[in-house]
**Q** 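The structure's right below; bear with me while I get my questions together.
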Amino acid sequence: MSTIALNPVSYLDNTGNDPTVRARLVVGDNDFHSVTEKVCGIVEQPRPPKIWWAAFAASSSLTLVLFACIGYLVTTGVGVWGLQIPVGWGYAIVNFVFWVGIGHAGTLISSILFLLRQQWRTSINRFAEAMTIFAVVCAGIFPGIHVGRVWVAYWLFPIPNQMSMWPNFRSPLLWDVFAVGTYATVSLLFWYMGMIPDLASIRDRATTKLRFYIYGVLSLGWRSSNRHWHRFEFAYLLLASLATPLVLSVHSVVSFDFAVSIMPGWHTTIFPPYFVAGAIFSGFAMVVTLIIPTRKFFGLEEIITARHLENMAKIMLATSMMVGFSYSTEYFMAWYSGNVYEAFTFLNRAFGPYAWAYWTMVTCNVLVPQVFWVRRLRNNTLMLWVASILINVGMWFERFVIIVSSLSRDYLPTSWGYYRPTAIDVLTFAGSFGLFLTLFLLFVRFLPMVGMAEVKGVMPQAHLDHPGHRGHGDYHGDIAVREVDV
Amino acid sequence: MNEDKSNDIFIFPKWTWVLRPAVAVGALGGVLYATVVVTFGFSPKATDVGYEPVQPVPYSHALHVGQLGLDCRYCHTGVETTAKALIPPSQTCMNCHKAVRASSEKLIPVFESYSTGMPVEWIRVHDLPDYVYFNHSAHVRRGVGCVSCHGRIDTMEVVSQQKPLSMGWCLDCHRNPERHLRPAEYVFQLDWVPEEDQLVLGRRLRETYNINPPQDCYTCHR
Amino acid sequence: MSDRTPNTGGGESIRLHGYLVAFDKVDELLRGARIVRDAGYTRWDAHSPFVLHRLDAAMGVKKTILPYIVFLGGLTGAAAGILLEWWTNAVNYPFLISGKPLFSLPANIPIAFEITILFAAVSALVGMLALNGLPRLSHPLFANRSFKRATDDTFFISIEAADPLFDRIETRRLLEEISGRAVEEIEELP
Amino acid sequence: MSPMKNDKETGLTYWRSLEEFARTPEFQKAVQREFPGDDWDRLPPATRRQFLKVMGASLAMAGLTACRWPKEEIVPFAHRPEGRTPGVPEHFATAMELGGVALGMLVTSFDGRPIKAEGNRLHPDSLGALTAIAQADILQLYDPDRSRRLLLREDGQQYVKGWNDFEAAAAEYFAGDGTGVAVLAGASSSPTRAMVRGRFLESHPKAGWYEYEPISRDNERDGTRLVFGTALRVHPKLGAAGIVACFDADPFFDHPSSLRLAREFAAARHPISGAGARLYVAESSYSLTGVRADHRIAVPSSRVPVVLARVAHLLVAEHGLLLPAAAAGYAGAAGHEISEQEIHFAKLLAADLASHHGAGVILVGPRQEPAVHALAAVLNQVLGSTVGYTADPDPDRPSHIEAIGELGAAMSSGSIRTLLILGGNPAYDAPADLRFGELLAEIPVTIHLSLYDDETSRRCTWHLPRAHGLEVWGDGRAWDGTWTMRQPLIAPLYDGRSTIEILALTSGSGSTSGYELVRENLRKSVSASDFEGFWRRALHDGVIEGTAWETVNPRSNPGRLAVAVDGLRAHLGVAQPSADRPEVVLTADSRVWDGRFANNGWLQELPDALTKLTWDNALLVSPATAHELGIGDGEVAAIEAGGATIEVPTCLLPGQARWSMTLALGYGRTEAGQVGNEVGVDAYRLRTTTAPHVVSGVVVRPTGRSYGLATTQDHFAIDTLGFNERDRRVGDLVREASLDVYLANPEVFHEHEDHPPLISLWKDHEYEGEQWGMAIDLNTCIGCNACVVACQAENNIPVVGREQVLNQREMQWIRIDRYFKTEPGLRQDEIEDAEAVFQPVTCVQCENAPCEQVCPVAATQHTNDGLNAMVYNRCVGTRYCSNNCPFKVRRFNFFNYHKHLADTTMMQFNPEVTVRSRGVMEKCTFCVQRIEAVRIPARNDNRPIADGEIVPACAQTCPTQAITFGNLNDPDSQVSRLREEKRSYATLAELNIRPRTHYLGRLSNRADGDGPEGHGALHKEAESHGKEPA
């Protein structure tokens, strides 16, 4: 095993960068069955580990806090938040953009990396997609509750009514409703579809009637027929190619919420790419934050390998550079455009009352990821984990800076203001993490968190010339390649 | 593996094939049902039309207007000049009822009100939301008949709401007023029917009186 | 139910659904599939715990029409989106917004696009399930114990009795030959 | 009286029908419905709904058409008074008396409840406008905290009494010849009161009569006495004035006829038609007048006389002016050290006054000593200034301070057994050294007639509920003496009685009905053949023509003059304020006046013109002075003067004289009511009979504690970055040029605009028919806040309270932006003085409104007549529109601000305007209800709408008529013509939003030609701005 020879450190380490040797995507002495065992085992164990219970207790109580805050908000009025004129959008929208951003990693991994034939995605895509959906759920809450009259929020949808009124399709906010709605739906479909064969595995291993019926129904009677696989794979490819533009469009549309306005600091054309890069950045950060403990607790190091983490570190490094570039571009445009209001807004960001937020953002998003240049550091799991958390913090502040600092000082100095969040603001935000983690914990407990069928597909055993690793995996997974019979 | 654990094997019963058609039908049917409920079920046509509260005095428009031929304006004095049509003071009733039916106990509330000065508390039938500012004079003076919004009051023993009075309904008329315009002299004549085609007449009247009902929000909401 | 599983060579008494034979290795499966294909069988199938693209050729599976369904779905979505926006904002209830035209393409592209994707995506999943005849919870194969490993680590080839070329003896022989394993009879569900 | 009779008698004279309508059973029932005893908060919502259009639940349900809103009742009259049509507003002329001067107003009454006060065009002091305070008075009418019953406090017990109880008691108290009886009344110009007073003193010859007003113009009055030997009333005329010189005077705010003076001055300022008046101001703290000044210097109040004396000196020495022999001493009185700046000012002023002989006028503020007024009077005489005099209505009256002093003395001497206090609140606002509150306790019988059971009432044996000005019959006189009528708009809500009624009651003879008294007095004083007709006419007009006093031509009185000169000399002798002995100037508050309006939410939340401070008073200090005292912005400072020490938050304000601080009276009330209690700090504790206005030699210490001042604008002091940017932007937002520059080059206001042509990407919408627009003249706007209150009253704008204002959630639809223009290059804490400008900002109704396109539910969209419509009942409250509004003029209902409103307060609501519930956005609508009120009838009779027929509330009440509204598609409309003027520009036009509101540039008219600093700022701004693409 040449790769192992390269790194005598641990047989788990497949982070070699010898170009002549293809690193293995699943390490250790695994075959199809052992993969099934490892993944299904987690779902099938009669009771989850104590750590799971602890985490679940914590997160679900946080969720209750969220619902309590929402209840208070709806019954009292959005005044319970720190909002005011000029800063009409505060934590709620910041959190919304933050969560939607995080919700980008999953679909990106499962669609774009799929189209790019990145096989290493297989070990983590299920996990990431799940995270995506939960993040979008959290994101979806905020625009819903931030409106002044929640009980008429349904006016945002084109429903026939006695007023014979329709929504205003010229409003970016409405684009947002459709974009996020579509994104949530498609991600869900994508996620569920990919899960069908694995649900079938659990069904077939079921030892209790209940489990059999539940997973049986969920897997829709999948019988791994190749004729089914054929259409399944096509559907998967099509969804991937649909989700790719979608995932790029969603954060672009979110950025329109700001770019389409005329506020200095908002009204700029760089927002769509800038936001998308940021979304991928934060998404991967969140995946790393969650996957590191998870793979440890559930002993999945052989399937979710060090190399997976390293690849994600590299992606974060790349996107961090993009984000950093966007920051500097904004300043260049502010100066180059000669627009006095724009110019001031950006000076104000860096040196005004909200400078603290700005510099937190820069530090976490641009400086911290630079450590990933060093191989030893990026392969240090703890370091990676800490960095990923800092990046999450930084990305939250990015949205805070964009929204709050721009609004707080716009055209007329007489209407400048300073926004301070209230306790309710903070609790609601914390609560959304509770909801996110609760859903996530339920996921790892009850659903296959690794796409077994896909992982098996990229294992050496899946190939003709098994055993032997020479150049394996360099052609499978390729729809285009059809074997010529002899 | 399960065979180690038990020699039993789970399978789904055969009837589960119905699942497929069931899902399909459910999906389509559900969408259809929702649409129907929203469009018709929630419409004021279903909810408000026919509202017929019991009034403190069993005043019959059918009798007074239909048979005796009282003019609407005899009681509703404001209708041509102000926003409100105005409900008549008991005084107005007494103009006749001092003499007519002076002993009818149906009229006791009116007599009491007249003597004590305490008002008769009528129940509002045509009740627009408080943020809607409707102006009677603006409509009546332009040839919109009472009947267009209130129906054949002159045939009602007890007044009831005949039209949805919903925003959509208002807009219909503001968009094509010609369907409801009539010569000024027939505005208060509830049983009037045009000799010619209403649309032809309506267009002509709209032309002559230069009637372009505004559809701005501020027309009704301030 | 194990008691009711037929012993091989068992009598005409049971209604036969077809034969099932297992493989351990991918290449064995592929070889077997080609042979069955060339033998001209039509109502047969190969089962694998994960997708094996080369199996399509080996089995001679025709390319699915799913892409066209998805394309139609997308087209419908696009049309629906644009029409909805145009009819509601420019026809049914036109209102003057920021002095802008009632309908202009740029402002309406995002939503039209999203609806396109939505419709296409839904038709992809629904189309796939429909073409695959799923959901189908009960199938004769599920009654077979070893078949349960089809979602784990074992590959199978099954030939239905309904196949015109199906012959109890011949087909069994063919399968035993390509797999070197015992062939299992699958009975129809009661 | 029986309703039938009532119906027969009423009619023709609506005032009468109103008066009796108030007695009719159905009104009583209405009142019952509205005010069931003391059961204020436990009214079923339905009853409220009958009365007003309060949205509440129904709004929430508006979307769900499936719900039917609660059953509504219609309650018609049993007998509809003739001439009244329910739902049609009526207008009644009446008046409000403040500080002994009646201000005429026209009150709109809707179904028997007064809902809005506007100025009476026929009244000389109003001319159709009304001050913020007078407009807000209507809220006090409905104040649920007003006292509702008579109270008798004896030996620690408190008993609820009825009027008959008091009448019985009064008969005994006022039985004798008045020995030991004293009356303390507020100043009043009411002829009827004078009559009743006479009657009272007749029946009680030995009784003492004292009049006290905390805020008065007594110094001016005494000044005239010094010069002319007798007390006269001064009538400055600014219309014709070429030069106006104000010494610590603020004719635009604290003068009884401020509205007229402002109007006159605005006319004089007009670049074309005006006399090109030039305004000089020397004052210790920024005043409305000071902001408008062409030359302003900040001088401590106790130094102001020095400057005036120097002017006198220069006039004599350099311009050969001849003072009367006796006054010659004045010229010499100017021997005091004086700064360069002050000399420069004095020189310019002296030169101008000399060259404008007969067209100048010198005004001295009420806080200056009589001697200073005397000097001004002398100068005005010799300069032939545009000042007129009339005899004082009560020339022998001692000054208010003297009066209260005498009363105090009498009380402590124990010679008073019965004290009748008619209005006022001496326990709170009498000079501190009198300890009036304590003295009250020693008087056996003290009777207080008052709107509230306030500080004084609590220390008196009897508290009598006083009827509000809009509930009573009465009269009064304008500043110029014009006879002004007062009539009730509504029956007393809380069983109160008026001053004249109580006075009549205690005088023990004659009628005690206000109605009778007023008629009787009028009948006596005028000789009208047909009195009823005359009476009707008087009530209809609100004023009686030709009853102004004769102007007199006084001659100065040498003997007195000498005294005056010595007085001034003595006054100049006192040490000037300095670091170790700064001065504190006590002023009337721009909102609560002397404290009597402390429980008025509108006024408490009204931002002060300069500080933009609400819900508080603060110690105004210039940044530099504060820096040297080591006090920061918002830091609580301890002030020690005489015995008293008070702690009050500081507010840094440029333009404040060095070592001079200003503190407004009227705050720190303890018994004002729920709104006014414990708001701000009581400055009366520093006020003494000897130093009622300027407290010198105080000690000011920082306490280190800081306090959040609720301002509606950022404080003057902010981070340097923002500070500089704000300075840089002002010039472009509020454009200003000097008059001669403008006349030479009218394009000056547009010269520095430089942005690409404002072209839309799409075909522009064509606006046909009436297109509403507005023009606001920054040259005449004096920032008096009248429009803000007018808008609040007209549009049912809620009061949100200090906490909400602190969080920048104030709701006023109009805000008056105040900018300071500081000299470039100064550090913030070096700043002493700065120029100030005002800019009223409300929704400018952009044609390409940024707010509209971002609303997802089309709750804000454009109407065909070009209004930016905000539809409350469609709004879901995303607040996106506000974020995208470059003017930030949209207001959001973060809570249901009407939730805890008393039902009485709701009676003030304008039924033509929806009351907004929680979670919806709102903003200026150009008073669309007023547009509809004109448009619908006009369409009904197929006639076009005349120009000026529609007047929004703000424009209606603007004393200087700075706001013009009209049809832009009519080239002859006034607004179109104003927009043709070269001064006309649109703020932020470069955003291509096409505002419907344009501003007319501000003009300065400095003697030394060069424009204001702001002009320079304009250049500076414009260059950098020049690069800006739209």
Side-chain angles (χ1 to χ4, degrees), chain A residues 31-33 36 158 164-170 174-175 178-179 182 185-186 189 193 197 200-201 204-205 216-217 220-235 238-239 242-243 245-246 249 253 256 453-454 456-457 461-464 466 476-479 481-483 485, chain C residues 25-27 30 34 45-59 61 64 66-67 70 74 84-85 88-89 92-93 95 97-98 100 107-108 110-111 113-115 117-118 120-122 124-125 127-129 131-132 134-139 141-142 147-153:
Chain A
D31 59 11
F32 297 146
H33 183 64
T36 318
S164 72
M165 279 288 288
W166 301 104
N168 169 23
F169 284 101
R170 278 156 279 196
L174 203 68
W175 308 347
F178 280 81
T182 306
T185 324
V186 173
L189 298 184
M193 195 182 99
S201 303
D204 289 346
R205 296 160 49 91
V217 170
L220 305 175
W222 180 260
R223 53 182 190 275
S224 14
S225 144
N226 190 60
R227 300 185 185 279
H228 290 182
W229 273 121
H230 172 66
R231 304 196 184 90
F232 178 92
E233 202 60 6
F234 251 105
L238 289 165
L239 275 179
L242 288 169
L246 176 64
S249 81
V253 169
F256 289 162
E454 294 193 75
K456 289 172 189 169
Q461 295 86 334
H463 310 298
L464 290 180
H466 170 77
H476 68 75
D478 186 341
I479 303 282
V481 173
R482 288 268 170 280
E483 163 158 302
D485 294 8
Chain C
K25 297 249 174 333
V26 176
D27 36 13
L30 287 168
R34 286 192 208 99
D45 206 339
H47 305 267
S48 144
F50 54 88
V51 61
L52 265 175
H53 299 111
R54 315 169 72 237
L55 198 50
D56 299 341
M59 284 177 66
V61 175
T64 171
L66 192 59
V70 174
L84 174 75
E85 294 176 287
T88 52
N89 276 194
N92 179 259
Y93 197 153
F95 34 67
I97 294 285
S98 306
K100 293 186 176 182
N108 293 281
I111 288 181
F113 170 79
E114 301 298 340
I115 298 181
I117 299 284
L118 184 64
V122 171
L125 179 69
M128 184 272 282
L129 292 177
L131 292 173
N132 283 352
L134 298 175
R136 179 176 178 183
L137 299 188
S138 73
H139 189 279
L141 286 168
F142 289 142
F147 184 73
K148 291 200 171 296
R149 303 191 57 144
T151 56
D152 180 1
D153 58 355

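Both backbone and side-chain heavy atoms feed into the values below; hydrogens, waters and symmetry mates do not.
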**Q** C:His47 side chain to A:Arg223 main-chain N or O, any donor-acceptor pair under 3.5 Å?
**A** yes
**Q** Using a 3.5 Å distance criterion without hydrogens, assess whether the side chain of A:Ser224 forms a donor-acceptor pair with backbone atoms of C:Pro49.
**A** no
**Q** For the atom pair CG (C:Leu55) and CG (A:Asn226), what is the distance rounded to the nearest 0.5 Å?
**A** 3.5 Å
**Q** Apply the test side-chain contact (heavy atoms from CB on, under 4.5 Å) to residues C:Val61 and A:Arg231: give CA-CA distance (whole Å), side-chain angles for both, the deciding distance (0.1 Å), then the verdict.
**A** CA-CA 10 Å; C:Val61 175; A:Arg231 304 196 184 90; over 6 Å; no
**Q** How long is the span from the CD1 atom in C:Ile117 to the OG1 atom in A:Thr185, to the nearest 0.5 Å?
**A** 12.0 Å
**Q** For A:Trp229, check ring pair (Phe, Tyr, Trp, His ring centres under 6.0 Å) against everything at least two apart and list the hits.
**A** A:Trp222, A:Phe232
**Q** Where does C:Phe95 contact chain A at under 4.5 Å (heavy atoms): side chain, backbone, both or neither?
**A** both
**Q** To the nearest 0.5 Å, how far apart are CE in A:Met193 and CE in C:Met128?
**A** 4.5 Å
**Q** Chain A heavy atoms under 4.5 Å from C:Asn108: which part of the residue, side chain, backbone, both or neither?
**A** side chain
**Q** Quick one: do A:Phe169 and C:Leu84 satisfy side-chain contact (heavy atoms from CB on, under 4.5 Å)? Show the steps, please.
**A** CA-CA 10 Å; A:Phe169 284 101; C:Leu84 174 75; 3.7 Å; yes
**Q** To the nearest 0.5 Å, tell me how far C:Thr64 OG1 sits from A:His228 NE2.
**A** 11.0 Å
**Q** Walk me through it: do A:Leu242 and C:Val70 pass the test side-chain contact (heavy atoms from CB on, under 4.5 Å)?
**A** CA-CA 10 Å; A:Leu242 288 169; C:Val70 174; 4.1 Å; yes
**Q** Give, as side chain, backbone, both or neither, the part of C:Leu52 having an atom under 4.5 angstrom from any heavy atom of chain A.
**A** both
**Q** I'd like to verify something: which residue of C:Glu114, C:Lys100, C:His139 has the highest number of heavy-atom pairs under 4.5 Å with chain A?
**A** C:Glu114
**Q** Minimum heavy-atom separation for A:Ala235 to C:Ala124, with atom names?
**A** CB-O, 4.1 Å
**Q** Would you mind telling me which of A:Ala200, A:Ser164, A:Ser225, A:Pro167 has the largest number of heavy-atom pairs within less than 4.5 Å of chain C?
**A** A:Ser225
**Q** Of the backbone (N, CA, C, O) and the side chain (C-beta and beyond), which part of A:Leu238 lies under 4.5 Å from a heavy atom of chain C, both, or neither?
**A** side chain
**Q** For a side-chain contact (heavy atoms from CB on, under 4.5 Å) check, start with the C-alpha distance between C:Asp153 and A:Asp31, then their side-chain angles and the critical distance, and finish with the verdict.
**A** CA-CA 8 Å; C:Asp153 58 355; A:Asp31 59 11; 6.0 Å; no
**Q** Do A:Phe234 and C:Pro67 make a side-chain contact, defined as non-hydrogen atoms from C-beta onward lying under 4.5 Å apart?
**A** yes
**Q** Counting heavy-atom pairs closer than 4.5 Å to chain C, which one of A:Leu246, A:Val217, A:Leu220 comes out on top?
**A** A:Leu220
**Q** Suppose we screen for ring pair (Phe, Tyr, Trp, His ring centres under 6.0 Å). Which residues come up paired with A:Phe256, at least two apart in sequence or across chains?
**A** A:Trp175
**Q** Just so I know, are the side chains of A:Asn168 and C:Asn89 near enough to count as touching, which here means a heavy-atom distance under 4.5 Å?
**A** yes
**Q** Measure distances from C:Leu141 to the heavy atoms of chain A and classify the residue's part below 4.5 Å as side chain, backbone, both or neither.
**A** side chain
**Q** Using only atom types and a distance under 3.5 Å, with no angle test, would you say the side chain of A:His230 pairs donor to acceptor with the backbone of C:Asp56?
**A** no
**Q** So which residue, C:Leu125, C:Ile115, C:Leu129, C:Leu131, ends up with the most heavy-atom pairs under 4.5 Å with chain A?
**A** C:Leu131
**Q** Chain C heavy atoms under 4.5 Å from A:Pro245: which part of the residue, side chain, backbone, both or neither?
**A** both
**Q** Using every non-hydrogen atom in the two residues, find where C:Phe50 and A:Ala453 come nearest and quote the distance to one decimal.
**A** CB-O, 3.0 Å
